[in-house]
Every structure is written in C-alpha cells, then in structure tokens.
Number of protein chains: 2
Amino acid sequence: MPSPARHSRRSGCPISIALETLGDGWTLLIVRDLMFKGRKTFKEFLQAEEGIASNILSERLQRLESVGIVVKLRDAQDARRYVYRLTEKGMSLAPVLLELVLWSAQFERTDAPPAVVRAMRADREAFIASARHAWKAAQRS
Amino acid sequence: MPSPARHSRRSGCPISIALETLGDGWTLLIVRDLMFKGRKTFKEFLQAEEGIASNILSERLQRLESVGIVVKLRDAQDARRYVYRLTEKGMSLAPVLLELVLWSAQFERTDAPPAVVRAMRADREAFIASARHAWKAAQRS
DNA sequence: CCGGATCCGTTTCGATACTG
DNA sequence: CAGTATCGAAACGGATCCGG
C-alpha cells in the first residue's frame, strides 16, 4: 500500500507511519507473535497457524528491522541460530496491539476468550507492564 | 492479504478479524477519517490528502459495510446524496485508532503535534467519550 | 537441518478513463 | 456525484535452491 503513505504531509491525525509498518497484515501478525506469544525464531514464525510463506516472512522481518521495530541477534544459547526481538520502539506498540486484540476478541466467534484476552481486559496497564517486564527479563539472556 | 485470515481458528490472541478489516491501509484511513475528521461522503474521502483512487474507495467502503463497520445512508439534507456513518461496531474501534494515531505521532516528523493529538494524549477516555458524543449527536440529523 | 534467497505462475491492487 | 471497467504494475505464495 504505497500511496497513502507517500502523501502524508501535514495530516490532521498522523497515521501514515503506522500504515507503512502495520498496514500489512502479515507484519501485524509477526509483531503480535513477538509481543504476546513468545515466538522469536524464523521457524517459529513459519509454523504459526496462519501459514506465512518463507519469502514473505523474510521480507517482512527485514522491513521491521529497517524501521527499527525488531532487531536480529544471535541466539545466546545456540550461536548458529538467530532470534528476533522487539526494540523499545517495537514494544511501544503494545497499547495498539492490545486494543486490536481486544477488539478482535469481541467479534471473533470463539466459545471462550483465551486467558490472555481475559487478562488484557481485566487491566490493560497491568498487562502492558507485565509484557514489558518479560521483555526486559529476556533482554539479559 | 487473504491467507492469514483464512486459517484463523483458535488463535491464542485473536486478531484475524482486525486483519481482515484493518489490515488494509486504505481501510484504516477511511475509518480514521470517519471517526476523527468528520468526513462522510464519497467525495470527501476522495479528496483526502492521501489520494485514494475511486475504485479502491468504492471497494473498501463496500467491504466496511459488509462487515458492519459503516452504514450507507441517504443524506437527510439532500436526498440525492449518500453519507457513510460508523456503526456501533465501527465506533468500538475508537481505542484502536486512538492508540494508532498516538503511536504514529511519536515517530512522525512534524514540528508540532496537531491539536487532536495533544487532546488524545492528555486524556484518552475523555477523547473517546467526546468522539462518541459527537457521533451520537450526528445520529439525529 | 536452519535461515533465508530466487524463480515464476497467479492474484490483487490501483491510476486512469468512463458511465448512469 | 457516486461509482464501474480496463489494464498494466505490484504483490503473493508455492516450489526450489543455497550457504553455513
């Protein structure tokens, strides 16, 4: 979706940057998986139930890296592997993702909302705080 | 982006419905314009600075209508025209949009954040409440 | 094996032109 | 004014190949 982002000057409500990065559905899924599902390797993203193709995943990860939302690092445990992590900028998307998940949960036809959703709904601030806490903890590893 | 939405069953964090509707950048812009900028006619959307093409706009509006986010009505003032309005479901997207706009504003390189953004930042609840109030007021017209 | 890159047929998008 | 029709460009995604 190149066009709406191009002519973004002086918009009353900025949103174009979000469009460039999140306007793509796959990207949104990757960020959600990073933030809430603990996925971090190429393979884990590939195996996500939505079924992304490897070339698409590769491209999206590169783009996320280039806009500073994720970083690619060597796995500390296994130096042959890579792990992807959200940056601070990436983590700052938490409120957006949380609202998005909550909104979706309202209309998704599931018998019972998953525990994650219930935790989010109960206390948004607390949920974001704990996600950030987990993120910081994983930092040192 | 057809695929991620197709296999959406039993996701730990629902988001697929949001992907179907908001995963497209143009759609996001339309909803933002409806919610925060008071745009409501086909022409007003067309004239938005981002420059959407008429066929794209048409298709996106139809899709938004089919998923129950907007309704298409005759203009009460001028019966020859149509106006598009957010439904209750559409308005329930307000928190998502607000967080999205706030996040974008952080990284958008503008000299001063527009008044809207400052108002949002100051009090999110109040901003959403007033947006909803304006929406209800416009209902009776 | 893992993390991609490349190729290529198919689908979708979107700018422009056109119509009721 | 509010959309359709057309048609080239771009994106998608499955298969396959490659370096470590």
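All values derive from a computational prediction rather than experimental measurement. Per chain, numbering begins at 1; letters A, B, ... match sequence-line order.
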Would you call B:K37 and B:E44 a salt bridge, using N to O less than 4.0 angstrom? no

Please report, rounded to the nearest Å, how far the P atom of D:dC12 is from the CG atom of A:L29. 13 Å

With respect to the side chain of B:E59, which nucleotide from D:dG13, C:dG14, C:dC13 is positioned closest? C:dC13

Residues that A:R132 engages under salt bridge (Lys or Arg N to Asp or Glu O under 4.0 Å), provided they are two or more places apart: A:E88

Checking contacts here: which listed nucleotide (C:dC13, D:dG3, C:dC2) is nearest the side-chain heavy atoms of A:K43? C:dC2

Looking only at side-chain N and O atoms, does B:Q62 come under 4.0 Å of OP1 or OP2 in D:dT4? yes

Considering every strand and a 4.0 Å limit on heavy-atom distances, what is the contact class for A:E44: base, sugar-phosphate, or nothing? nothing

Pairing residues for B:R63 by the salt bridge (Lys or Arg N to Asp or Glu O under 4.0 Å) criterion, not counting sequence neighbours: none

Contact string for nucleotides 15-20 of chain D, one letter per nucleotide 5' to 3', B = base within protein heavy-atom range under 4.0 Å, S = sugar-phosphate only, - = neither, reads ------

When rounded to whole Å, the CG to C1' distance for the pair B:D24 and C:dG14 reads 11 Å

Rounded to whole Å, please give me the gap between CZ in B:F42 and C1' in D:dA2. 6 Å

Compare all side-chain heavy atoms of B:R124 with those of B:L102 and state whether any distance is below 4.5 angstrom. yes

Does the side chain of B:L93 reach to within under 4.5 Å of the side chain of B:M35, using non-hydrogen atoms? yes

Separation of C:dG4 C1' from A:R60 CZ (nearest whole Å): 15 Å

Among all residues two or more places apart in sequence or in another chain, which pass the side-chain hydrogen bond (donor to acceptor under 3.5 Å, both in side chains) test with A:S92? B:W103

Which atoms form the tightest heavy-atom contact between B:V117 and A:P14, and what is the distance? CG2-CD, 3.6 Å

Please list, in numerical order, the residues of residues 68-85 of chain A that have a heavy atom closer than 4.0 Å to any atom of DNA chain C. A:K72, A:Y82, A:Y84

Whole-Å distance, A:E20 CD to D:dA11 P, equals 14 Å

Interatomic distance where CG belongs to A:L57 and C1' belongs to C:dG3 [whole Å]: 10 Å

Measure from the side-chain heavy atoms of B:T41 and tell me the nearest of D:dA2, C:dG14, C:dG3. D:dA2

Of all the base pairs, Watson-Crick or G-U under 3.5 Å, which form stems of three or more consecutive pairs involving DNA chain C? C:1-20 with D:1-20

A:R63 has an atom CZ; how far is it from atom P of D:dA10, in whole Å? 16 Å

Do B:L86 and B:I69 come close enough that some side-chain heavy atom pair is under 4.5 Å? yes

Find the distance A:I52:CD1 to C:dG3:P and express it as a whole number of Å. 14 Å

If you look at every heavy atom in A:I128 and A:A94, which pair is closest and at what distance? CG2-CB, 4.2 Å

Roughly how far apart are A:T27 OG1 and A:L57 CG, rounded to 0.5 Å? 10.0 Å

For a 4.5 angstrom cut-off between non-hydrogen side-chain atoms, does B:L29 reach B:I52? no

Of the options C:dC13, D:dC12, D:dG3, whose atoms approach the side-chain atoms of B:I56 most closely? C:dC13

About how many Å separate CG of A:L19 and CG of B:L100, when rounded to the nearest 0.5 Å? 7.0 Å

Strictly below 4.0 Å: does A:W26 bring a side-chain N or O up to OP1 or OP2 of D:dG13? yes

